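Order of listing sets the numbers, starting from 1, for every ligand and every atom in it. Not measured: the values here are computed from a predicted model.
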Amino acid sequence: MDMRLGNGYDVHAFTGGDHVWLCGVKVPHDKALLGHSDADVGMHALTDAIYGALAEGDIGRHFPPSDPQWKGADSRIFLAHAVELAAARGYRLANCDVTLVCERPKVGPHAEAMRAALATIMGVEVHRVSVKATTSERLGFTGREEGIAAQATALLVPA
Ligand SMILES: Nc1ccn([C@@H]2O[C@H](COP(=O)(O)O)[C@@H](O)[C@H]2O)c(=O)n1
Ligand SMILES: C[C@@]1(CO)OP(=O)(O)OP(=O)(O)OC[C@H]1O
């Protein structure tokens, strides 16, 4: 079997609130992210990267936003499903890399907790998981702090 590479991208808009969920970590903030689920934009991008590597569509195909079952859902369900699907196809995660794009909140102080949370959900060692962040130099919707974007890459190898 070949190794398989996937990428994922997601955006969620800010709304009123006092925390955001990012890569499985509850980060205090002066806004929240809007979504059908808990709006964990980083976890959604990573989930899509794994589905992409498997050519298994995207998160909305497996967990339709029209389905009330997923209202307010914990995004760990989605990531765990993608990893289970990979295992069922005979693959395991070699490594993954997530980039969060936002001016605020600052991700650096939470990055190690995020790596640990994602590794636990996926059942892999922490060294296989990277989480990093960039601002967009105050440009565009992320620069205006209207929302957060996330991009992820995942490499699957035969189990
Ligand atoms: N939300 C963010 C954004 C950035 N960082 C850290 O700051 C560094 C500099 O950001 P630039 O956009 O100016 O390149 C970046 O490399 C991250 O280490 C962050 O922690 N949280
Ligand atoms: C995750 C799902 C679940 O219903 O809803 P949202 O939280 O809106 O997130 P999105 O990234 O738009 O992906 C679509 C859905 O699958």
Inset, instruction - Please step through side-chain contact (heavy atoms from CB on, under 4.5 Å) for the pair Leu22 and Leu33, ending with a clear verdict. - result: CA-CA 10 Å; Leu22 290 174; Leu33 287 173; 4.3 Å; yes
Legend entry - Salt-bridge present (Asp30, Arg104; N to O < 4.0 Å): yes
Legend entry - Phe63 N/O to ligand 2 N/O under 3.5 Å: yes
Inset, instruction - Give a yes or no on whether a salt bridge exists between Glu145 and Arg138, defined as a side-chain N under 4.0 angstrom from a carboxylate O. - result: yes
Inset, instruction - Could you list the atoms of ligand 2 found under 4.0 angstrom from a heavy atom of Trp70? - result: 4 (O)
Legend entry - His62-Phe78 aromatic ring centre distance below 6.0 Å: no
Legend entry - Derivation and outcome, side-chain contact (heavy atoms from CB on, under 4.5 Å), residues Ile148 and Val11: CA-CA 6 Å; Ile148 299 182; Val11 171; over 6 Å; no
Legend entry - Distance-only N or O hit between ligand 1 and Thr135, under 3.5 Å: yes
Inset, instruction - For ligand 1, find out whether one of its N or O atoms is nearer than 3.5 Å to an N or O atom of Thr134. - result: yes
Legend entry - Part of Pro105 with heavy atoms under 4.0 Å of ligand 1, whether side chain, backbone, both or neither: backbone
Inset, instruction - Give the numbers and elements of all ligand 2 atoms closer than 4.0 Å to a heavy atom of Asp10. - result: 11 (O)
Inset, instruction - Kindly say whether Val131 contributes a backbone atom to a donor-acceptor pair with the side chain of Arg115 at under 3.5 angstrom? - result: no
Legend entry - Verify atom 2 (C) of ligand 1: protein non-hydrogen atom under 4.0 angstrom away: yes
Legend entry - Location of contacts on Lys132 toward ligand 1, heavy atoms closer than 4.0 Å: neither
Inset, instruction - Please identify which atoms of ligand 1 are closer than 4.0 Å to at least one heavy atom of Gly108. - result: 19 (C), 20 (O)
Legend entry - Side chain, backbone, both or neither: His36 near ligand 2, heavy atoms under 4.0 Å: both
Inset, instruction - Could you check atom 15 (C) of ligand 1 against the protein and tell me its nearest heavy-atom contact, residue, atom and distance included? - result: Ala133 O, 3.4 Å
Inset, instruction - Please say whether Asp38 places an N or O atom under 3.5 Å from an N or O atom belonging to ligand 2. - result: no
Legend entry - Nearest protein heavy atom with distance in Å, relative to atom 7 (O) of ligand 2: Ser37 OG, 2.5 Å
Legend entry - side chain to side chain donor-acceptor pair (under 3.5 Å) involving Lys26 - partner list, sequence neighbours excluded: none
Legend entry - Ile59, portion touching ligand 2 at heavy-atom distance under 4.0 Å: both
Legend entry - atom 19 (C) of ligand 1: the protein heavy-atom neighbour that sits closest, reported with distance to 0.1 Å: Val107 N, 3.6 Å
Legend entry - For atom 9 (O) of ligand 2, the option (of His44, Arg61, Met43) bearing the nearest heavy atom: His44
Inset, instruction - Answer with yes or no whether the side chains of His36 and Ser66 bring together a donor and an acceptor at under 3.5 Å. - result: no
Inset, instruction - For atom 13 (O) of ligand 1, find the nearest protein heavy atom and state the residue, atom name and distance (0.1 Å precision). - result: Glu137 OE2, 3.4 Å
Inset, instruction - Answer with yes or no whether His62 contacts ligand 2, where contact means a heavy atom under 4.0 Å from a ligand atom. - result: no
Inset, instruction - Would you check, one step at a time, whether the test salt bridge (Lys or Arg N to Asp or Glu O under 4.0 Å) holds for Glu103 with Arg144? - result: CA-CA 8 Å; Glu103 306 296 322; Arg144 291 188 295 271; over 6 Å; no
Inset, instruction - Please could you name the atoms of ligand 2 that Pro64 approaches to less than 4.0 Å, counting only its heavy atoms? - result: 4 (O)
Inset, instruction - For a side-chain hydrogen bond (donor to acceptor under 3.5 Å, both in side chains) with Asp97, tell me which candidate from Arg128, Lys132, Gln151 qualifies. - result: Lys132
Inset, instruction - Examine the side chains of His81 and Tyr51 and answer whether a donor and an acceptor come within less than 3.5 Å of each other. - result: yes
Inset, instruction - Report yes or no: does His12 contribute a side-chain atom to a donor-acceptor pair with the main-chain N or O of Ala39 at less than 3.5 Å? - result: no
Inset, instruction - Would you check if the side chain of Asp40 reaches a backbone N or O of Cys23 as a donor-acceptor pair within less than 3.5 Å? - result: yes
Inset, instruction - Considering the heavy atoms of Cys102, write down every atom of ligand 1 situated less than 4.0 Å from one of them. - result: 1 (N), 2 (C), 3 (C)
Legend entry - Protein heavy atom under 4.0 Å of atom 7 (O) of ligand 1: no
Legend entry - Gly60: numbered ligand 2 atoms lying under 4.0 Å from its heavy atoms: 16 (O)
Inset, instruction - Of the side chain and backbone of Ser75, name the one, both, or neither that has a heavy atom under 4.0 Å from an atom of ligand 2. - result: neither
Legend entry - Pair Phe14-His29, ring pair (Phe, Tyr, Trp, His ring centres under 6.0 Å): steps then yes or no: CA-CA 11 Å; Phe14 278 126; His29 194 44; 5.5 Å; yes
